[in-house]
Chemist: 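Provided herewith is a single structure, encoded as structure tokens, for subsequent inquiry.
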Amino acid sequence: GAVVSQHPSWVICKSGTSVKIECRSLDFQATTMFWYRQFPKQSLMLMATSNEGSKATYEQGVEKDKFLINHASLTLSTLTVTSAHPEDSSFYICSAVGGDENIQYFGAGTRLSVL
Amino acid sequence: DQQVKQNSPSLSVQEGRISILNCDYTNSMFDYFLWYKKYPAEGPTFLISISSIKDKNEDGRFTVFLNKSAKHLSLHIVPSQPGDSAVYFCAACLVRGGGGADGLTFGKGTHLIIQP
């Protein structure tokens, strides 16, 4: 199956700092990547859709100025959590779509803890 | 409001028996459904999917059934093996007519435990 790499897997940072998370499709080109967030005992919730070369589309309630998404190439999308606060602590996970547009392949996720 | 629901947080099944995981959805616009399997500290792994124009899709030990009128789908695993122990997520999306992909709406997951 298609491989999606996400880095880092775990990050701890102080309140007010910015954190960048990378999502790479390793063996396929992904015109579309997605960013999800999961709080404890909740389901994965879509945050935004990232299309290569264009602006990301954010879901309702997700602040685009806080969660900056860049999809500069067909294999890389980045999510930057700006001025992170403890309430941003969560599990962030990306996915990428390859040949079959209906099947998303997921990275391993990033556990963000903001102190 | 939860559009995709997995009402069983956990399920315990004996090795060799059939595991049946259930999923209900409320949005009748969904027309593509997927099952993912997740181990701790790993991302979800795609298992099997089904389009709304079908009522069954089979792949090896895994079969997904879709009942559109009931807005219900189920994943059958037979025979169940110890390596099947994981959290299983049901997901749904809308298929765009002009191409492109949409984000998935996930259920909360069911933790399947296969007992030896």
Side-chain angles (χ1 to χ4, degrees), chain A residues 1-10 21 23-26 28 30-52 54 56-60 62 69 71 77 91-111, chain B residues 1-10 23-27 30-54 57 59-60 64 86-111:
Chain A
V3 179
V4 175
S5 172
Q6 189 172 339
H7 179 81
S9 57
W10 191 28
I21 303 169
C23 180
R24 295 181 185 270
S25 56
L26 296 187
F28 65 102
T31 54
T32 305
M33 289 183 171
F34 299 91
W35 289 94
Y36 295 82
R37 179 168 54 182
Q38 185 181 27
F39 290 108
K41 298 186 179 180
Q42 299 297 314
S43 55
L44 286 162
M45 297 294 292
L46 179 67
M47 296 176 67
T49 302
S50 170
N51 291 298
E52 186 265 338
S54 64
T57 304
Y58 292 81
E59 295 299 300
Q60 193 173 9
V62 179
I69 291 172
H71 192 162
S77 176
F91 184 69
Y92 293 86
I93 192 165
C94 72
S95 71
V97 175
D100 186 334
E101 291 175 335
N102 297 315
I103 297 175
Q104 295 181 25
Y105 296 94
F106 284 83
T110 298
R111 174 74 58 192
Chain B
D1 184 32
Q2 208 59 51
Q3 294 190 66
V4 177
K5 300 178 184 179
Q6 293 176 258
N7 292 319
S8 299
S10 66
C23 178
D24 297 291
Y25 61 96
T26 57
N27 188 343
F30 287 141
D31 48 15
Y32 200 80
F33 305 88
L34 308 91
W35 283 95
Y36 285 85
K37 173 182 180 181
K38 186 180 182 303
Y39 293 117
E42 294 183 10
T45 302
F46 170 72
L47 267 180
I48 192 169
S49 61
I50 188 167
S51 164
S52 60
I53 62 174
K54 294 185 176 181
N57 188 25
D59 184 2
V64 56
V87 178
Y88 289 77
F89 289 96
C90 171
C93 68
L94 290 81
V95 176
R96 295 187 189 176
D102 258 350
L104 298 175
T105 301
F106 281 87
K108 290 186 178 182
T110 297
H111 186 191

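Within every chain, numbering begins at 1; the chains are lettered A, B, ... in the order of the sequence lines, protein sequences first and strands thereafter. This structure is a prediction, so every number in the text was calculated from the model and none was measured.
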Chemist: Can you name the nearest heavy-atom pair linking A:Gln104 to B:Leu104, along with the distance?
Modeler: NE2-CG, 3.3 Å
Chemist: Do you know which of B:Ser52, B:Ser49, B:Ser51 makes side chain to side chain donor-acceptor pair (under 3.5 Å) with B:Tyr32?
Modeler: B:Ser49
Chemist: For A:Leu44, is it the side chain, the backbone, both, or neither that has a heavy atom closer than 4.5 Å to a heavy atom of chain B?
Modeler: both
Chemist: Kindly state whether the ring of B:Phe106 and the ring of A:Phe106 have centres lying under 6.0 angstrom apart.
Modeler: yes
Chemist: Checking side-chain contact (heavy atoms from CB on, under 4.5 Å) between B:Val64 and each of B:Asp59, B:Leu47, B:Ile48, which is the one that passes?
Modeler: B:Ile48
Chemist: Non-hydrogen atoms of chain B under 4.5 Å away: do they reach the side chain of A:Gln38, the backbone, both or neither?
Modeler: side chain
Chemist: Given that the side chain runs from C-beta out, which part of B:Gln6 has a heavy atom under 4.5 Å from chain A: side chain, backbone, both or neither?
Modeler: neither
